[in-house]
2 protein chains.
Amino acid sequence: MRRPVPEDFAPLPSARRRRAWDEADRAARPTRLGRLRARLAEAGVDAYFGLRREEIRYLTGVNLGDGEEKVAGHSGRFLVSGDAVVVLADTRYTLQARREAPDARVEAVTYDLPARWADLCAAIGARRVAVPAADISHALWGELAAAAPGVELVPAGGWVDEDRAVKEPAEVERIAAACAVADRALAALLPEIRPGVTEAALAWRLETLMREGGAEALAFDVATLAGPQAALPHGSPGERRVRAGQVMLFDFGAQVAGYRSDMTRTLFIGEPRPRDLAVHELVARAQAASIAYLEASLEAGIAPNGRAADAAAREVISAAGHGGHFGHGTGHGIGLATHEAPSLSRVASEAPLPSPTVFSVEPGVYLEGRTGVRIEDLVLLEITARRVERLTRFPREVLVVG
Amino acid sequence: MRRPVPEDFAPLPSARRRRAWDEADRAARPTRLGRLRARLAEAGVDAYFGLRREEIRYLTGVNLGDGEEKVAGHSGRFLVSGDAVVVLADTRYTLQARREAPDARVEAVTYDLPARWADLCAAIGARRVAVPAADISHALWGELAAAAPGVELVPAGGWVDEDRAVKEPAEVERIAAACAVADRALAALLPEIRPGVTEAALAWRLETLMREGGAEALAFDVATLAGPQAALPHGSPGERRVRAGQVMLFDFGAQVAGYRSDMTRTLFIGEPRPRDLAVHELVARAQAASIAYLEASLEAGIAPNGRAADAAAREVISAAGHGGHFGHGTGHGIGLATHEAPSLSRVASEAPLPSPTVFSVEPGVYLEGRTGVRIEDLVLLEITARRVERLTRFPREVLVVG
């Protein structure tokens, strides 16, 4: 196979395109809020209290960095009622919140949200407030419930998760742009992957190539795992040196304008071993089977589901006797978060997948102490358009480097 | 002032020192577990269920990356009883958990922890389990409670937070090493801070200098804020270009062997404005006042507390008429997490600060739309040794660059 080069992949988005994305978000926000408000009405509640950074950005525009929620206190958390959006901010975040969420009312709140809770709810006429129970701590739930006995807290499921799983065109564009940044970075790294270099050095180089090549952040820490380390599906790169005859697994992703990518390639350092080639071929076949299932469903006019998409890949691996070496699910949705709805797994819903949506397809086979292979692409599924498209464009064929 | 250079600061820790830290952790773990077990006995509970990555590392040795807990499911979460440590891991994390927590029993658990909960608790004879209510979601609490009516969940306060606030010598050493990485990086960056360069470019350079200079990760996203942007205490760097006559605020930190640093310097680009110099002088005086309070307390044989340490800084700023421009607290503990106990603030405890402990002292004055100044050092407090020591060594004086 001809070695990919960075120029094989889409160029960086222009400043104009980036402005268009910002504008698309602004234009979409009333629709997004409208969907949430329809859920409020349906559930018979007056307001929604959102706490997660992805929801904060999606519904209000306030942009917290990954992990920033750990130090931001209640800043960015928000209430949505039938006619109001209220963003909480302590003094550190007031100016930012006003600028990023110009359509919201910004309320000064310190660490002591419970003391303000009754007034905040009264100001928007909320007596029943839906709270995503998976996002709020048990402690805060209890404190809010105790602070305002007149305000009923109603556990909400993943309402906004479900809404966010359906991607707008400008969201798909950003995920695709993040895929291209990652594709280009790996292509640029190829000449540097040689026996003797450490996993950690390659991880930092790959990160640098992404960050200097258009990524405002990483989607997650880069994993570069050589040989037997590749059998750790979530291992961390170390000072181990790459050796000829090993596989080298790269799992990495970029963030562009808030949206993320996620890809895995397992390359061969020098002459591949027959065992590793066989595992690679098996995993590639499993991945193709999952995508073929999606395509066949659309052709047949049947909406595909996440459990069957997982089963399609898993059956290939099980048939080869490696069912016990593929422990994780086949895929996960991606967008503002690296892992989000929908899920492709043994326990995923058998209801039709959302559409348009983007998810990973990433089967793997892990042989403890010996080797591991995973191949991961992001896939766009658009049911009405009968479209299944890989957003990850880096070739999936056997690639020998070093 | 002579410009600092990287060589002014402590060199990188040797490989031997790093091995000694690993060994110190292993040696300390029984003591750490012993403190937790004493709390279990005191509270009359049989076990503790820990969920936070800092606690996972501190008590079991399993090392999750920052943010990894979002994709790790229940992996790394753990139970401690009087005589057992059980680490949960799905297939992606089994090998890692076994290697990093050799003294624990690793239990295979998927997404479906509630289905396993009764058995897991029965296996360690636990009928009353303490769970830190601030760390567990309301949803999971409810699911566990429903899954095993025979196991009573008891809300635990910040037990391990309190224990972690008291730092072992090898923990202080690692924080100091992380401070030195940050000190060196800023010193190396100084010649590159010039009018015309963007905030984002400086942020990336500073990150690169840390990551290539000994940091395995950042403590948090680098903030580089020019001129009026510096009035956003938690602003993000953008494409704005640095201009002469502005201040430039750098807030950043490194991670070394798991432990973190956090520092802020506000530099002057070209000829400083009198207004900015006056604010800088005020903030420096406020910071010095807080540290002077700590020192004076120790000299007087009185244990200092976090509320008074905040007040000491705040009074200086209020006396100058800027009380309304210093909204955040004066400091926070730091270690495996960037923000942890103890707290220095208006609502902090008046009980004696833990000791030995490390926290930031970081007053600031923010003039919306105009300018902002913050000066932040990490300080080691060791009450019995009557020791107050700045671990951040970068000079705090007015520094003109560009």
Side-chain angles (χ1 to χ4, degrees), chain A residues 15 63-68 70-72 75 90-96 99 108 110-112 131-142 153 155 157 200 204 207-208 211-212 216-217 220-221 231-236 324-329 332 337-339 345-347 366 368-369, chain B residues 63-68 70-72 75 90-96 99 108 110-112 131-142 153 155 157 200 204 207-208 211-212 216-217 220-221 231-236 324-329 332 337-339 343 345-347 366 368-369:
Chain A
N63 189 5
L64 297 182
D66 206 351
E68 196 173 358
K70 290 185 191 170
V71 300
S75 297
D90 64 31
T91 59
R92 299 171 299 167
Y93 288 93
T94 315
L95 302 183
Q96 178 187 345
R99 193 175 55 191
T110 64
Y111 65 96
D112 198 7
V131 184
D135 296 344
I136 190 171
S137 72
H138 184 63
L140 183 57
W141 178 288
L153 304 182
W204 172 241
E207 173 166 353
T208 301
R211 297 284 298 277
E212 296 186 349
E216 73 222 6
F220 53 92
D221 288 347
L232 279 68
H234 268 246
S236 293
H325 302 136
F326 172 30
H328 59 76
H332 56 83
T338 304
H339 282 203
S345 78
R346 280 168 283 192
V347 296
Y366 311 97
E368 182 172 349
Chain B
N63 189 6
L64 297 182
D66 205 350
E68 195 173 359
K70 290 184 190 171
V71 300
S75 297
D90 64 31
T91 59
R92 299 171 300 167
Y93 288 94
T94 314
L95 301 183
Q96 178 187 345
R99 194 175 53 190
T110 65
Y111 65 96
D112 198 7
V131 184
D135 296 345
I136 189 171
S137 73
H138 184 63
L140 183 57
W141 179 287
L153 304 182
W204 172 239
E207 173 167 354
T208 302
R211 296 284 298 277
E212 296 185 348
E216 72 220 8
F220 53 92
D221 287 347
L232 279 71
H234 267 247
S236 292
H325 302 137
F326 172 30
H328 58 76
H332 56 84
T338 304
H339 283 205
S343 165
S345 79
R346 281 168 283 192
V347 295
Y366 311 96
E368 182 173 347

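In the text below, chain A, chain B and the rest are named by the order of the sequence lines, each starting its count at 1.
- Of the atoms belonging to Tyr111(A), it is side-chain heavy atoms, and not backbone ones, that fall under 4.5 Å from chain B.
- When heavy atoms are compared at a cutoff of 4.5 Å, Val347(A) approaches chain B solely by way of its side chain, counted from C-beta outward.
- For Phe220(A), no part sits under 4.5 Å from any heavy atom of chain B, backbone or side chain.
- Proximity to chain B (any heavy atom under 4.5 Å) is shown, for Thr208(A), by both the backbone and the side chain.
- Interatomic distance, CG of Asp90(B) versus NE2 of His328(A), reported as 9.5 Å (0.5 Å rounding).
- Considering OH of Tyr366(B) and OG1 of Thr91(A), their distance stands at 8.0 Å, rounded to 0.5 Å.
- Only the side chain of Glu68(A) comes within contact range of chain B, with at least one heavy atom under 4.5 Å from a heavy atom of that chain.
- Across all non-hydrogen atoms, the minimal contact from Ala134(A) to Ser137(B) is O-CB, 3.4 Å.
- Note: Asp66(A) CG to Lys70(B) NZ = 4.0 Å, rounded to the nearest 0.5 Å.
- Between His332(B) and Val71(A), every side-chain heavy-atom pair lies at or beyond the 4.5 Å cut-off.
- Proximity of Leu153(B) to His138(A): side-chain heavy atoms (C-beta onward) are nowhere separated by under 4.5 Å.
- For Arg346(B), no part sits under 4.5 Å from any heavy atom of chain A, backbone or side chain.
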(request) Check the pair Thr94(B) / Glu368(A) against side-chain contact (heavy atoms from CB on, under 4.5 Å), numbers first and verdict last. (result) CA-CA 10 Å; Thr94(B) 314; Glu368(A) 182 172 349; over 6 Å; no

